[in-house]
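All residue numbers in this chain count up from 1 along the given sequence. For ligands, and for the atoms within them, numbers begin at 1 and follow the listed sequence.
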Amino acid sequence: MGGILFVVSAPSGAGKSTLGAELLKTDPNLVYSVSLTTRSPRRGESHGKDYFFVAEDEFLKRRKKGDLIESALVHGFWYGTPQDQLEKLLREGRDVLLDIDVQGGRQIKKLFPSAVLIFIAPPSITELEHRLRTRSQDDEAAIQKRLDNARNEIAQAGDYEYLILNRDIGESVQKLRSIVWAERSKMDPEVLKGV
Ligand code: 5GP
């Protein structure tokens, strides 16, 4: 019996990283899958914890070798999920949280039909723009690119199984936690036999 794979996608600035971090803090059976990326670290991010920050040639080499279970170009940079880490955790029965974009979510759903897809959306694009500007981590061109990407992701997220409109972090964390527990509580006749 393997662990459950939770895929959380959201336009950047929708609050997904904060939500994911809050959930992980209080759920010891949930493990975060650290992706590879070719973008540079932002302030406060560290290698191996937030991402494995790699050069493009290394990323493409690992992708070609088949080390990545899925990969996508997002805002002009490569992102990908390392396969060995993910499969090992699931085999060990750990539930895994993937924070990836909707293209990645689709690829994962094809490979793992039982993966649970959760989309986190900002209350509105105007609110998202406000959040991106106040966190001031990106220049104007990057903000415009992220807004375009957000509209795109929202348009593509209709096939996700759960939607959380992130108006309030506390409430959204509760919703995310409820989804995780609902999925863990699904009927399993094998488990029931042992009761
Ligand atoms: P950021 O640069 O803001 O951390 O992430 C940008 C986008 O890339 C986010 O939507 C994030 O979910 C996505 N992302 C992060 N890691 C991966 C990955 O391994 N695969 C895919 N497909 N997307 C990823």
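- Nearest approach of Leu86 to Val96, heavy atoms of both residues: CD1-CG1, 3.6 Å.
- For residues 84-119, every residue pair satisfying the ring-ring contact (aromatic ring centres under 6.0 Å, His included) rule, not counting sequence neighbours, is listed here: Phe119-Tyr160.
- Protein residues having at least one heavy atom under 4.0 Å from any atom of ligand 1 are Ala10, Ser12, Lys16, Ser35, Arg39, Arg42, Tyr51, Glu70, Ala72, Val74, His75, Tyr79, Gly80, Thr81, Asp99, Ile100, Asp101, Gly104, Arg146, Glu153, listed by chain and number.
- Qualifying salt bridge (Lys or Arg N to Asp or Glu O under 4.0 Å) partners for Arg39, counting only residues two or more places apart in sequence or in other chains: Glu45.
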Subject >> salt bridge (charged side-chain N to carboxylate O under 4.0 Å, His left out) evaluation trace for Glu190 with Lys193 >> reply: CA-CA 5 Å; Glu190 283 309 307; Lys193 271 185 213 158; 2.9 Å; yes

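- Under the 30°/60° scheme for interplanar angles, the aromatic rings of Phe53 and His47 are found to be tilted.
- The side chain to side chain contact (heavy atoms under 4.5 Å, CB included) test applied to Asp139 returns Ala141, Ala142, not counting sequence neighbours.
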